[in-house]
Amino acid sequence: FEEDSAEETEETIDSADESDFVDEWDELDAQDWREDGPFDIDEVDLSVDDVERIDFGGLVLTPFEGMQMQLQVEAETNALQAILIMHDQSGLELSLFAAPASSSLISDIRLQMIASTESAGGEVKLATGPFGTEIRRVLPMVNPEGKQVYHVSRTWFVQGPKWLLRGVVMGKAAMEEGISESTELLYETFCNLVVNRGKEAMAPGQLIPLKLPAQA
């Protein structure tokens with residue numbers, strides 16, 4: 001799994017107490033959080049309405065009025081790796097990964113993120129979010145002017161049939177809890193995503209490259 005730098009019950013995860021919380025969060029993530037989306041392509045029929053959508057191959061996105069978007073492209077291969085959706089002072093970064101058919105990657109990824117955040121001198125908390133366990137991080141960074149700043153984010157994970165979708169909430173929405181006014185459009189956009197993973201065999205955790213849409 002490739003990690004980018006990047007009122008609910010909330011617990012601070014201390015390295016000495018990590019194991020105390022694993023079962024609690026695993027139990028939370030075992031619930032079905034996809035009733036309202038995101039959806040797999042085999043679960044919907046996109047031909048029955050005239051809703052405007054943007055097809056990125058592995059992800060089909062429904063835009064909203066006022067939405068801005070940046071596409072993160074790998075320079076050497078020109079492969080689309082992530083989509084950054086922005087609105088007002090908030091953003092949502094979308095990435096898609098391969099996942100096993102009969103087990104979950106989320107617990108392992110969560111522990112990896114906790115370890116990497118702590119090793120970078122950051123802070124990490126787990127909270128009950130709209131898609132199960134939400135990972136809230138504060139990472140120290142150095143800006144182009146050489147000053148230390150902090151990158152604050154909330155990460156959502158949803159696993160479907162052989163795919164894992166990651167959404168990283170940034171900006172103003174990352175400073176708030178639950179589905180606030182700043183988060184609402186990003187949350188709805190995440191729910192409305194449709195994953196078209198394809199049939200290609202891929203290793204669990206491998207990034208699924210997306211495709212630039214024709215209108216790009």
Side-chain angles (χ1 to χ4, degrees), residues 1-6 8 10-15 18 54 56 59 61 63-97 106 108-127 129-131 133-158 164-190 193 205-210 212-213 216:
F1 180 79
E2 302 175 8
E3 183 187 338
D4 298 331
S5 61
E8 286 105 5
E10 190 171 286
E11 300 286 353
T12 301
I13 302 301
D14 299 317
S15 56
E18 236 173 57
I54 305 176
F56 291 97
L59 276 182
L61 183 150
F64 56 84
E65 185 175 355
M67 185 185 83
Q68 296 177 301
M69 186 166 52
Q70 290 183 0
L71 306 180
Q72 298 180 14
V73 178
E74 207 281 325
E76 294 185 1
T77 65
N78 208 35
L80 177 58
Q81 296 184 313
I83 303 166
L84 178 59
I85 297 166
M86 296 167 291
H87 181 259
D88 198 9
Q89 301 176 53
S90 301
L92 174 65
E93 183 187 79
L94 303 170
S95 303
L96 184 64
F97 302 87
I106 296 176
D108 289 342
I109 294 169
R110 181 169 61 246
L111 294 177
Q112 290 172 20
M113 292 182 69
I114 291 170
S116 65
T117 302
E118 291 178 342
S119 67
E123 297 180 4
V124 59
K125 295 180 180 180
L126 302 185
F131 301 100
T133 305
E134 177 178 286
I135 304 174
R136 312 193 72 175
R137 302 200 294 170
V138 180
L139 282 170
M141 302 179 68
V142 177
N143 69 10
E145 289 74 37
K147 296 182 180 180
Q148 181 164 317
V149 295
Y150 293 90
H151 182 267
V152 181
S153 66
R154 301 163 56 185
T155 301
W156 300 330
F157 286 107
V158 173
L164 178 73
L165 181 62
R166 182 181 70 191
V168 182
V169 179
M170 297 173 282
K172 185 178 179 181
M175 308 287 189
E176 301 173 356
E177 298 183 3
I179 307 303
S180 63
E181 184 176 351
S182 300
T183 317
E184 186 173 8
L185 279 174
L186 303 179
Y187 166 75
E188 291 178 357
T189 300
F190 196 77
L193 288 168
Q206 183 178 348
L207 182 70
I208 299 177
L210 306 176
L212 291 171

Query raised in the report: Nearest heavy-atom pair of Gly66 and His87: which atoms, and what distance?
Result: O-CD2, 3.7 Å
Query - Side chains of Leu96 and Leu164 in contact at under 4.5 Å (non-hydrogen atoms) - result: no
Report summary line: Sorted by chain and residue number, the side chain to side chain donor-acceptor pair (under 3.5 Å) partners of Thr133 (sequence neighbours excluded) come out as Asp29
Query - Close side-chain approach of Leu61 and Leu94, heavy atoms under 4.5 Å - result: yes
Report task. Using the test side chain to side chain donor-acceptor pair (under 3.5 Å), find all partners of Gln148 that sit at least two apart in sequence or belong to another chain. Result -> Tyr150
Query raised in the report: Between Leu139 and Ala120, which heavy-atom pair has the shortest distance, and what is it?
Result: CD2-CB, 4.0 Å
Query raised in the report: Hey, are the side chains of Ser182 and Asp88 touching, using non-hydrogen atoms and a 4.5 Å cut-off?
Result: no
Query raised in the report: Is the backbone of Glu145 close enough, under 3.5 Å, to the side chain of Asn143 for a donor and an acceptor to pair up by distance?
Result: yes
Query raised in the report: With side chains defined as the heavy atoms from C-beta onward, is the minimum distance between Ile109 and Phe97 less than 4.5 Å?
Result: no
Query raised in the report: Do you know the tightest heavy-atom contact between Thr117 and Glu123?
Result: CG2-O, 3.6 Å
Report summary line: Nearest heavy-atom approach of Ser95 to Leu165 is O-CD1, 3.5 Å
Requested in this report: Look up atom OG in Ser90 and atom CD in Glu181, then write down how far apart they are to the nearest 0.5 Å.
Outcome: 10.0 Å
Query - Heavy-atom side-chain proximity of Val158 to Trp156 below 4.5 angstrom - result: no
Query raised in the report: Going by heavy atoms in the side chains, are Ile85 and Phe190 under 4.5 Å from each other?
Result: no
Query - Pair Glu134 + Arg136: basic N to acidic O under 4.0 Å - result: yes
Requested in this report: Could you check Met170 against Met86 for side-chain contact (heavy atoms from CB on, under 4.5 Å), going step by step and ending with a plain yes or no?
Outcome: CA-CA 9 Å; Met170 297 173 282; Met86 296 167 291; over 6 Å; no
**Report entry** Val124 side chain near Met113 side chain, heavy-atom distance below 4.5 Å
**Finding:** no
Query raised in the report: In terms of the angle between their ring planes, are Tyr187 and Phe131 parallel, tilted or perpendicular, with boundaries placed at 30° and 60°?
Result: tilted
**Report entry** Pairwise distance CG(Leu193) to CG(Leu92) - rounded to 0.5 angstrom
**Finding:** 7.5 Å
Query - Arg154 side-chain N/O to Ala173 backbone N/O, donor-acceptor pair under 3.5 Å - result: yes
**Report entry** Met69 and Leu71, any side-chain heavy atoms less than 4.5 Å apart
**Finding:** yes
Query - Partners meeting side chain to side chain donor-acceptor pair (under 3.5 Å) with Glu74 (sequence neighbours left out) - result: Thr77
